[in-house]
Asker: 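Pasting a structure below so you can have a look.
First the proteins, then the strands, lettered A, B, ... as listed; each starts at 1. Quick caveat, the model's predicted, so the values are computed rather than measured. Computation of the quantities below employed the complete heavy-atom set of this structure, encompassing side-chain atoms and omitting hydrogens, waters and symmetry-equivalent molecules.
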There are 2 protein chains.
Amino acid sequence: MSERDGRTRRRGEELISAIHAAVLQEVLEVGVGRLTMDGIAKRAATARTTLYRRWSDPIEVLVDALYHAHPVEEPTPGADDLRGDLIRALQLMVKWTLSPAGLAVAAILTDPKGSAKVSDALFEKVFANRGGTFTSTVLRHYAERGHFPAELLTPVVADIGEALITKRLLDTGKPPTDTDLAAIVDQAILPAIGLMPAKPE
Amino acid sequence: MSERDGRTRRRGEELISAIHAAVLQEVLEVGVGRLTMDGIAKRAATARTTLYRRWSDPIEVLVDALYHAHPVEEPTPGADDLRGDLIRALQLMVKWTLSPAGLAVAAILTDPKGSAKVSDALFEKVFANRGGTFTSTVLRHYAERGHFPAELLTPVVADIGEALITKRLLDTGKPPTDTDLAAIVDQAILPAIGLMPAKPE
DNA sequence: GAAGTAAGCTACAGTCGTGTATCTAATTGC
DNA sequence: GCAATTAGATACACGACTGTAGCTTACTTC
């Protein structure tokens with residue numbers, strides 16, 4: 001991977017990002033409930049002592065890792081292609097969901113136990129940063145430009161795309177294909193804002 | 001609770017349902033990943049030995065509990081009230097979701113670890129039994145009677161209601177109110193089948 | 001009532017994770 | 001180069017859960 005000449009001991013930044021990667025990996029395999037200092041240390045090939053010097057329990061390590069994860073990419077609505085921009089927004093969501101941080105967030109959000117401590121830290125970092133949902137950025141853009149009546153852009157409507165993707169992930173465990181995304185846009189989102197697609201097929 | 005005269009020892013049916021209730025409760029509090037024979041036994045106020053006589057690990061106890069849980073109530077579309085029937089179907093879903101078994105299923109489906117072993121047993125019992133989703137029963141009923149074009153009833157459309165409820169539960173942790181359900185029906189489901197609500201308000 | 005069944009208890013050795021304390025040696029900064 | 005850091009390796013006592021074994025005693029059945 002990165003250059004690690006003859007050195008045998010990682011320090012500072014290098015060590016920490018290895019640990020961050022390790023927690024995220026670990027949470028995927030064992031879930032939030034079974035995160036242990038031991039497991040993280042072993043996966044990061046470091047000593048438990050090193051972890052305790054910086055954090056006091058596995059959840060802290062996890063939160064820290066998420067805090068330092070790459071931020072969520074934002075959809076940038078283009079010229080005049082509502083349908084295309086919606087699909088791209090959903091693609092962004094799928095892409096993020098499949099990133100280590102996204103998968104970890106999913107594992108956390110759905111953990112019965114990990115409510116208080118983690119979720120708060122999460123919402124502050126991951127969600128507050130982003131304006132809201134992926135599609136709503138796009139929808140707001142086009143509503144402001146009069147492509148459809150702004151009063152149709154309710155919270156429910158803003159959630160449709162993300163909700164359907166989430167459900168598909170839960171049901172099948174597999175990410176939706178681009179065809180699936182197009183179907184979601186054509187059959188659920190566009191109708192909700194009063195735009196029936198011309199002829200789906 | 002039930003009549004337990006002077007008896008000090010539960011047996012058979014009575015004992016087993018106490019254990020079933022205990023696993024379901026336990027899985028809510030600690031998650032699937034942290035289910036232990038010990039925890040279940042303590043909560044059911046029985047001895048670990050008693051559990052081992054019947055099951056060999058906590059997951060087996062859980063699967064058995066779900067298998068014996070009350071089946072999912074089915075929506076029964078009525079005379080001529082698509083909107084009302086949809087709302088009732090969603091109410092049924094919410095109701096089931098909040099039942100001990102429903103909450104346990106949610107905990108399982110979303111657990112990174114509990115995929116293989118549990119999910120299979122689950123789908124066979126919980127989902128295969130029911131025809132499919134809650135709203136699709138209703139939608140199919142009205143599509144067959146020509147209330148809207150049957151080709152609009154795609155898999156995506158059939159999922160809209162359930163998806164939005166699931167997302168709301170994940171996001172807020174609280175069940176949607178009847179007003180929320182009505183909004184879902186009016187703003188997402190009905191438009192998708194080509195029926196814009198006359199004037200919601 | 002007597003006999004069979006099964007629940008409830010206690011005990012045990014084994015494994016795994018926890019925090020803490022020590023010691024060592026690699027890396028960095030001057 | 002030398003001193004200050006700090007990663008990495010043990011080691012430890014503690015507690016939780018495991019699976020099994022052996023025993024007592026409450027319930028059921030005939």
Asker: Measure from the side-chain N and O atoms of Glu60(A) to the backbone N and O of Ser56(A), and report whether any donor-acceptor pair falls under 3.5 Å.
Answerer: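 Yes.
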Asker: Do Thr135(A) and Ile160(A) come within less than 4.5 Å of each other through their side chains, counting heavy atoms only?
Answerer: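 SC-SC contact between Thr135(A) and Ile160(A) ruled out.
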Asker: At what angle, to 10 degrees, do the two end axes of the helix from dG1(C)-dC30(D) to dC30(C)-dG1(D) meet, given five pairs define each axis?
Answerer: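 Helix axis angle between the two ends: 30°.
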Asker: Could you tell me how far apart Arg9(A) (CZ) and dA9(D) (C1') are, to the nearest whole angstrom?
Answerer: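 For the pair Arg9(A) CZ and dA9(D) C1', the rounded distance is 9 Å.
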Asker: Kindly state which residues belonging to residues 45-55 of chain B come within less than 4.0 angstrom of DNA chain D, counting heavy atoms of the residue only, listed by number.
Answerer: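 Hits under 4.0 Å, by residue number: Arg48(B), Thr49(B), Tyr52(B).
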Asker: Could you tell me the separation between the CG atom of Asp38(B) and the C1' atom of dC16(C), rounded to a whole number of Å?
Answerer: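 My rounded result for the distance is 14 Å.
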Asker: If I take atom CD1 in residue Ile19(A) and atom P in nucleotide dT6(D), what distance separates them, rounded to the nearest angstrom?
Answerer: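 In whole Å, dT6(D) P lies 14 Å from Ile19(A) CD1.
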Asker: Search all heavy atoms of Val23(A) against all heavy atoms of Leu35(A) and return the closest pair with its distance.
Answerer: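 It is CG1-CD1, 4.2 Å.
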Asker: Report the C-alpha separation of Arg54(B) and Asp64(B) in whole Å, then their side-chain angles, then the decisive distance to 0.1 Å, and conclude whether the salt bridge (Lys or Arg N to Asp or Glu O under 4.0 Å) test is met.
Answerer: CA-CA 10 Å; Arg54(B) 252 175 263 263; Asp64(B) 201 40; over 6 Å; no
Asker: Sorted by first residue and then second, give each ring-ring contact (aromatic ring centres under 6.0 Å, His included) pair with at least one member in residues 141-184 of chain A; sequence neighbours left out.
Answerer: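 Non-adjacent pairs meeting ring-ring contact (aromatic ring centres under 6.0 Å, His included): Tyr142(A)-His147(A).
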Asker: Going by the rule salt bridge (Lys or Arg N to Asp or Glu O under 4.0 Å), which residues pair with Arg43(B) if we only count those two or more places apart in sequence or in a different chain?
Answerer: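 Testing Arg43(B) for salt bridge (Lys or Arg N to Asp or Glu O under 4.0 Å), a comparison that skips the adjacent residues, returns Glu26(B), Glu29(B).
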Asker: Expressed as a whole number of angstroms, how long is the span from Met37(B):CE to dG14(C):P?
Answerer: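 Nearest whole value for this atom pair: 21 Å.
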Asker: Tell me every residue that passes salt bridge (Lys or Arg N to Asp or Glu O under 4.0 Å) with Asp178(A), counting only those two or more places apart in sequence or in another chain.
Answerer: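 Salt bridge (Lys or Arg N to Asp or Glu O under 4.0 Å) list for Asp178(A), sorted by chain: empty.
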Asker: Among residues two or more places apart or on two chains, list those pairs meeting ring-ring contact (aromatic ring centres under 6.0 Å, His included) that have a residue in residues 11-36 of chain B.
Answerer: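 Output for this query lists His20(B)-His68(B).
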Asker: Of the candidate nucleotides dT27(C), dA7(C), dT18(C), which contains the atom at the shortest distance from the side chain of Arg11(A)?
Answerer: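 Of dT27(C), dA7(C), dT18(C), dT27(C) is nearest to the side chain of Arg11(A).
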Asker: Check the distance between dG8(C)'s P and Lys42(B)'s NZ and give it to me in whole angstrom.
Answerer: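 It works out to 16 Å between those atoms.
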Asker: Side chain of Leu15(B) only, heavy atoms from C-beta on: which candidate in dT18(C), dG8(C), dT28(D) is closest?
Answerer: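 Among dT18(C), dG8(C), dT28(D), the one nearest the side chain of Leu15(B) is dG8(C).
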Asker: Atom CG of Asp57(A) to atom P of dG19(C): distance rounded to whole Å?
Answerer: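 For the pair Asp57(A) CG and dG19(C) P, the rounded distance is 8 Å.
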Asker: Taking NZ, NE, NH1 and NH2 as the nitrogens, is one of them in Arg145(A) or Asp80(A) under 4.0 Å from a carboxylate oxygen of the other?
Answerer: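 Salt bridge flag = no for Asp80(A) with Arg145(A).
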Asker: Rounding to an integer number of Å, can you tell me how far Ile59(B) CD1 sits from dT18(D) P?
Answerer: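 Rounded to the whole Å, the gap is 11 Å.
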Asker: Can you tell me the distance, in whole Å, between the CD atom of Glu13(A) and the P atom of dT6(D)?
Answerer: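 Going from Glu13(A) (CD) to dT6(D) (P), I get 14 Å.
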